[in-house]
Amino acid sequence: MRSRWYELSPDVCIVISKIELAKEEDRTRYAKVMLRELRKAGYEPNKQIYMDRVRSYKMRRWYDKNRYLFMAFEYLKDSRDDIQTEVAYNVLRYIRQETAA
């Protein structure tokens, strides 16, 4: 069985699962946090990746319909493993703090 890209790292897998289970308005907020964390971690967004994938992909995944989620996940997928782990940890911490309040 083929693994999804985010299943290769436990931290990334957990944060993706939490976002998938969240309400739509929370998903958008978490995606924006993820994009911010990617920038803070030193990821340089490759806008061409986003545009190429938008043009060539049939939008059928659960996160494809939300442009923030789509962009955040595509950029996370494109980032180095250490950045993925750092970003996933920080977003997960944000989600936990928010739900604990």
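Reckoned from all heavy atoms, side chains included, excluding hydrogens, waters and symmetry mates.
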>> Before you tell me yes or no, could you show the steps for Y30 and K18 under side chain to side chain contact (heavy atoms under 4.5 Å, CB included), namely the whole-Å CA-CA distance, both residues' side-chain angles and the distance that decides it to 0.1 Å?
In response: CA-CA 10 Å; Y30 300 152; K18 290 221 175 260; over 6 Å; no
Could you report the tightest heavy-atom contact between [X] and [Y], atom names first, then the distance?
X: K77; Y: Q84; answer: O-NE2, 3.4 Å
X: V87; Y: A41; answer: CG2-CB, 4.1 Å
X: V15; Y: M34; answer: CG1-CE, 4.4 Å
X: A72; Y: A31; answer: CB-O, 3.7 Å

> Does atom CZ of R93 have more than 12 heavy-atom neighbours from other groups under 6.0 Å away?
Replying inline: yes
> For E24, does the CD atom have more than 12 heavy-atom neighbours from other residues, nucleotides or ligands under 6.0 Å away?
Replying inline: yes
> Cluster question for you: counting only ILVMFWY and a side-chain heavy-atom cut-off of under 4.5 Å, with indirect links fine, are V91 and I83 together?
Replying inline: yes
> Do V33 and I14 share a hydrophobic cluster (ILVMFWY, side-chain heavy atoms under 4.5 Å, transitive)?
Replying inline: yes
> Do L38 and S79 have side chains that get closer than 4.5 Å, going by heavy atoms?
Replying inline: yes
Straight-line distance of [X] [atom1] to [Y] [atom2], nearest 0.5 Å:
X: Y68; Y: F73; atom1: OH; atom2: CZ; value: 15.0 Å
X: K40; Y: L35; atom1: NZ; atom2: CG; value: 13.0 Å
X: L21; Y: D26; atom1: CG; atom2: CG; value: 11.5 Å

>> For a side chain to side chain contact (heavy atoms under 4.5 Å, CB included) check, start with the C-alpha distance between D82 and E86, then their side-chain angles and the critical distance, and finish with the verdict.
In response: CA-CA 6 Å; D82 60 322; E86 178 183 345; 5.9 Å; no
>> Applying ring pair (Phe, Tyr, Trp, His ring centres under 6.0 Å), can you list everything that pairs with Y94, at least two apart in sequence or on another chain?
In response: none
>> With side-chain contact (heavy atoms from CB on, under 4.5 Å) as the test, pick out the partner of L69 among I19, I16, T28.
In response: I19
>> Between D78 and E74, is the side chain to side chain contact (heavy atoms under 4.5 Å, CB included) condition met? List the steps.
In response: CA-CA 6 Å; D78 182 54; E74 290 298 322; over 6 Å; no
